[in-house]
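Throughout, protein chains are lettered first and strands after them, A, B, ... in sequence-line order, and every chain is numbered starting at 1. Note that the structure is predicted; figures quoted are calculated from it, not measured.
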Amino acid sequence: MKRGGGWFRFAFLAPAMGLYGLLFLYPVAQAFFMSLFNWSGLSDNREYVGLKNFQDLAKDKIFVGAIQHNLIIFVGCGIAVLLIAIVVAHLLQGNGRLTKALRASYLLPHMVSMVIVAVMWRFIFNPTLGPVTIIAKALGVKDPPAWLGDTKTALLCVMVAFIWYGFCFYSMLFAAGIKGIPEEIYEAADLDGVRPWQRFRQITWPLLWSIKRMTLTHVAIATMNMFALVQLMTAGGPNRSSEVMLTYLYETGFSNSDFGYATALATVNLVVVLAVAGVINFIYRRNPSGGRDS
Amino acid sequence: MKLTRATLTWLFLAIVILPFVWIVFNSFKPGNEIISHPWSLPKSPNFANYVNAWTKSEFSKYFVNSLVTVIMTLAILIPISAMASYVLAKFPFRGSKLILSGFSAGMIVPQFLAIVPLFMLAQMLHLYNTQLGLILIYVAFSLPFTVFVLFGFFQILPDELIESASVDGASHAQTFWRVMLPLAKPGLLVALIFNIIGLWNEYSLALVLISDTDKYTMPVGMGRIMMTQQYQGDWGALFAGMVIVMVPLMIVYFVFREKIQQTMVAGAVKG
């Protein structure tokens with residue numbers, strides 16, 4: 001490309017870089033800095049406390065509970081999504097009218113706002129008129145729990161809502177992954193007389209390793225950064241039984257104006273996200289068939 | 001085998017569709033009918049809920065706020081992202097790779113990492129609780145994805161086009177606006193669709209940066225109505241409100257379904 005045009009380069013880059021730097025990169029960088037201070041309210045009163053906020057977080061029962069809830073949500077949703085997505089991905093492969101209807105609509109949940117998902121599922125889990133309660137009663141459960149209002153079930157309900165929102169997207173990835181497996185492998189297996197279930201166990205499932213990695217990484221990021229769904233379904237309750245990192249961050253930052261503590265929490269949140277994503281990518285670091293060769 | 005396949009397909013179709021159908025049905029029922037017959041078809045469809053949602057619950061205000069915010073964000077975001085990604089793709093210089101990774105890094109950084117400092121910064125700059133502030137912050141937060149997408153599209157356009165335009169005496173800016181930008185239309189469309197979906201649904205930033213209920217966007221207004229409605233019992237308006245929020249997205253989805261699916265797959269596989 002021809003040289004010159006320095007002024008044009010600057011003029012074209014400046015608006016995007018300026019806004020991004022000021023309103024994104026600068027606050028991100030500040031988050032790390034602010035986490036070292038005791039900073040409350042809107043006053044300029046701030047006191048350098050070093051790593052005290054982080055030490056307090058480690059001792060904070062609510063926060064430790066919140067991380068545990070995030071991890072439970074991740075593991076539960078991760079497993080459920082893998083199982084559901086592989087089934088739906090197979091269903092999407094056909095060309096019948098029913099398959100086409102599914103293919104036309106299955107991404108709908110992923111289009112709507114988390115707010116809608118939350119409001120919708122609040123109604124579905126409503127203890128008096130919600131379908132879940134009505135079905136439970138019809139099935140003979142005498143005293144169904146209050147679902148979102150019960151410490152034992154609240155977290156589970158949030159997970160169900162998240163799975164409903166997410167499974168379609170991951171099904172799409174799996175469907176694309178299955179399409180990407182070369183036909184010849186299946187043909188060779190057919191010649192060897194491999195039965196369908198074996199075919200799935202030994203070919204399809206292992207060859208989808210990179211899709212599984214992608215899916216689990218994506219679910220990890222989404223569940224560790226869950227906010228709107230929990231806030232609007234349970235607000236972290238009852239009795240903090242569904243509290244997650246970001247609902248607690250919102251509370252400390254914007255209800256209690258404890259800014260230093262909230263940014264320390266945000267930093268820990270980032271570390272947890274990176275750690276979980278790192279573990280997933282380590283587990284799925286290479287192609288299992290390539291591993292067998294070497 | 002065939003039977004189970006059909007059954008499963010029906011099952012998943014039902015799981016996807018039924019909650020939406022249920023919302024639409026209930027949006028046509030009076031509040032007491034929702035409570036007495038939450039499952040049935042509306043006895044006589046009435047539009048009172050929609051009128052209530054639009055007037056009493058002030059959905060119209062939220063709707064207009066959202067519409068203005070999304071349109072203004074896009075009006076700033078798309079041109080400045082296109083300009084930046086054009087330079088990064090076609091006129092690389094020392095440090096341009098670094099700038100590109102700086103933008104891309106924004107896609108992995110969780111929004112909430114920035115949210116508390118952003119809240120304070122917005123107050124300092126007098127952008128807190130203003131629509132302009134929300135718009136500018138939306139632009140900043142949408143830049144990583146948008147630059148990433150448009151960079152890819154500009155990169156595959158042949159360099160010869162720029163050379164021949166410059167031989168014809170066009171300035172860099174003219175080449176960009178008249179030749180390259182029209183050719184990048186497929187990329188612009190992808191950026192537009194995904195930003196519309198993301199911005200129309202955005203909740204956390206709007207919740208934190210807007211305090212005045214008159215300035216709420218749809219998702220935040222929706223959340224507020226749900227919280228307050230609990231005590232008033234007018235659920236019909238809430239259901240109608242949900243339909244109002246969803247309709248624009250349903251339209252975008254059904255018009256661009258193929259493109260959305262292709263891009264989502266491509267994006268996930270690359271990323």
Side-chain angles (χ1 to χ4, degrees), chain A residues 1-2 5 8-9 12-13 15-17 19-20 23-28 30-31 34 42 87-88 91 98-99 101-102 104-109 111-116 119-120 124 129 131 164 168-169 172-173 176 214 218 225 227-228 232 246 249 253-254 259 262-263 266-267 269-270 273, chain B residues 5-6 8-10 12-13 15-17 19-20 23 35 38 80-81 83-84 86-87 90-91 93 99 103 106 109-110 112-114 116-118 120-121 123 136-137 139-141 143 147 159 166 172-173 197 201 203-204 208 219 222-223 226 238 242 245-246 249 253 257 260-261 264-265 268:
Chain A
M1 194 50 46
K2 82 180 172 130
F8 136 82
R9 277 187 194 135
F12 268 42
L13 277 170
M17 283 178 71
L19 270 178
Y20 184 61
L23 296 175
F24 187 94
L25 292 182
Y26 175 63
V28 164
Q30 253 207 329
M34 278 178 67
L42 296 176
V87 174
V88 178
L91 297 177
L98 198 54
T99 308
L102 183 62
S105 51
Y106 78 116
L107 277 175
L108 274 178
M111 290 297 118
V112 298
S113 162
M114 271 298 187
V115 178
I116 299 280
V119 176
M120 187 188 275
I124 294 176
L129 58 88
W164 179 81
C168 45
F169 175 71
M172 179 194 70
L173 295 186
M214 220 148 48
H218 199 280
N225 291 318
F227 174 68
L232 290 165
L246 295 190
L249 188 157
F254 302 104
F259 294 138
T263 46
T267 310
N269 174 253
L270 176 67
V273 172
Chain B
R5 196 188 158 90
L8 278 173
T9 312
W10 274 115
F12 279 106
L13 202 57
I15 290 172
V16 168
I17 302 281
F20 291 112
I23 291 179
I35 294 168
I80 71 171
S81 323
M83 282 153 62
Y86 175 64
V87 170
K90 288 297 174 201
F91 296 87
F93 53 92
I99 294 172
F103 278 119
V109 176
F112 267 74
L113 188 60
V116 172
L118 190 66
M120 298 175 78
L121 182 69
Q123 278 172 329
L136 292 178
I137 287 163
V139 171
F141 277 68
L143 275 165
V147 168
D159 288 348
S166 95
H172 284 303
I197 297 170
N201 289 337
Y203 177 71
S204 322
V208 168
M222 183 88 223
M226 185 192 69
L238 185 59
M242 283 160 81
V245 183
M246 288 190 301
L249 281 183
Y253 176 72
R257 195 167 56 82
I260 290 173
Q261 297 193 3
M264 275 186 167
V265 172

Next item on the list: Heavy atoms only: give me the nearest B:Asn201-A:Met111 pair and the separation to one decimal.
Entry: ND2-O, 2.7 Å
Notebook entry, point to check: Can you say whether A:Met120 sits under 4.5 Å from chain B via the side chain, the backbone, both, or neither, judging by heavy atoms?
Noted result: both
Next item on the list: Identify the heavy atoms of B:Ala114 and A:Val28 that sit nearest to each other, and give their distance.
Entry: CB-CG2, 3.7 Å
Notebook entry, point to check: What distance do A:Leu19 atom CG and B:Ile80 atom CD1 have between them, rounded to the nearest 0.5 Å?
Noted result: 5.0 Å
Notebook entry, point to check: Given a strict heavy-atom distance threshold of 4.5 Å, which part of B:Val16 is in contact with chain A: side chain, backbone, both, or neither?
Noted result: both
Notebook entry, point to check: Under a 4.5 Å heavy-atom cut-off, does chain A meet the side chain of B:Val147, its backbone, both or neither?
Noted result: neither
Check: What option among A:Ala266, A:Gly253, A:Ala262, A:Ser113 has the most heavy-atom pairs under 4.5 Å with chain B?
Finding: A:Ser113
Check: Under 30°, 30 to 60°, or over 60°: which ring-plane class applies to A:Phe24 and B:Phe141, parallel, tilted or perpendicular?
Finding: perpendicular
Margin query: Check this for me: A:Tyr26, atom OH, are more than 12 non-hydrogen atoms of other residues, nucleotides or ligands nearer than 6.0 Å?
Written below: no
Checklist line | Inter-residue atom distance A:Thr99.OG1 - B:Arg5.CZ, 0.5 Å rounding | finding: 5.0 Å
Checklist line | Residue list, side-chain hydrogen bond (donor to acceptor under 3.5 Å, both in side chains) with B:Tyr203, at least two apart or on another chain | finding: A:Gln231
Notebook entry, point to check: How long is the span from the CD1 atom in B:Ile17 to the CG atom in A:Leu108, to the nearest 0.5 Å?
Noted result: 6.0 Å
Item checked: Which atoms of A:Tyr106 approach chain B - backbone, side chain, both or neither, heavy atom under 4.5 Å -> both
Notebook entry, point to check: For B:Ile15, is it the side chain, the backbone, both or neither that has a heavy atom under 4.5 Å from a heavy atom of chain A?
Noted result: both
Next item on the list: Measure across B:Val265 and A:Leu173 and return the closest heavy-atom pair with its distance rounded to 0.1 Å.
Entry: CA-CD2, 4.5 Å
Check: Taking the six-membered ring for Trp, is the centroid-to-centroid distance between B:Phe103 and A:Tyr20 below 6.0 Å?
Finding: yes
Next item on the list: Could you tell me which non-hydrogen atom of A:Ser105 sits nearest to which non-hydrogen atom of B:Leu13, and how far apart they are?
Entry: OG-CD1, 3.4 Å
Next item on the list: Compare every heavy atom of B:Ala6 with every heavy atom of A:Leu98, then report the nearest pair and how far apart it is.
Entry: CD2-O, 3.7 Å
Notebook entry, point to check: When rounded to the nearest 0.5 angstrom, what distance separates CH2 in B:Trp10 from CG in A:Leu102?
Noted result: 10.5 Å
Notebook entry, point to check: Of the non-hydrogen atoms in A:Val115 and B:Pro219, which two are nearest, and what is the gap between them?
Noted result: CG1-O, 3.6 Å
Checklist line | Nearest-0.5 Å distance, CZ of residue A:Phe12 to OH of residue B:Tyr86 | finding: 7.5 Å
Notebook entry, point to check: side-chain contact (heavy atoms from CB on, under 4.5 Å) with A:Asn225: which residues, sequence neighbours excluded?
Noted result: A:Ile221, A:Leu246, A:Asn269, A:Val273, B:Pro110
Checklist line | chain A contacts, top residue of B:Thr9, B:Leu249, B:Leu118 (heavy-atom pairs, under 4.5 Å) | finding: B:Thr9
Next item on the list: Step by step, work out the side chain to side chain contact (heavy atoms under 4.5 Å, CB included) result for B:Ile23 and A:Val119.
Entry: CA-CA 10 Å; B:Ile23 291 179; A:Val119 176; over 6 Å; no
Note to self: What's the separation between atom CD in A:Gln30 and atom CE in B:Met120, rounded to the nearest 0.5 Å?
What the structure shows: 7.5 Å
Next item on the list: Please state whether the side chain, the backbone, both or neither of A:Met114 comes within less than 4.5 Å of a heavy atom of chain B.
Entry: neither
Note to self: Do B:Val116 and A:Leu249 make a side-chain contact, defined as non-hydrogen atoms from C-beta onward lying under 4.5 Å apart?
What the structure shows: yes
Checklist line | Residue A:Ile116 versus chain B: region with a heavy atom under 4.5 Å | finding: both
Next item on the list: Check whether the ring centres of B:Phe91 and A:Phe8 lie less than 6.0 Å apart, and answer yes or no.
Entry: yes
Margin query: So which residue, A:Thr263, A:Ile124, A:Leu107, A:Leu270, ends up with the most heavy-atom pairs under 4.5 Å with chain B?
Written below: A:Leu107
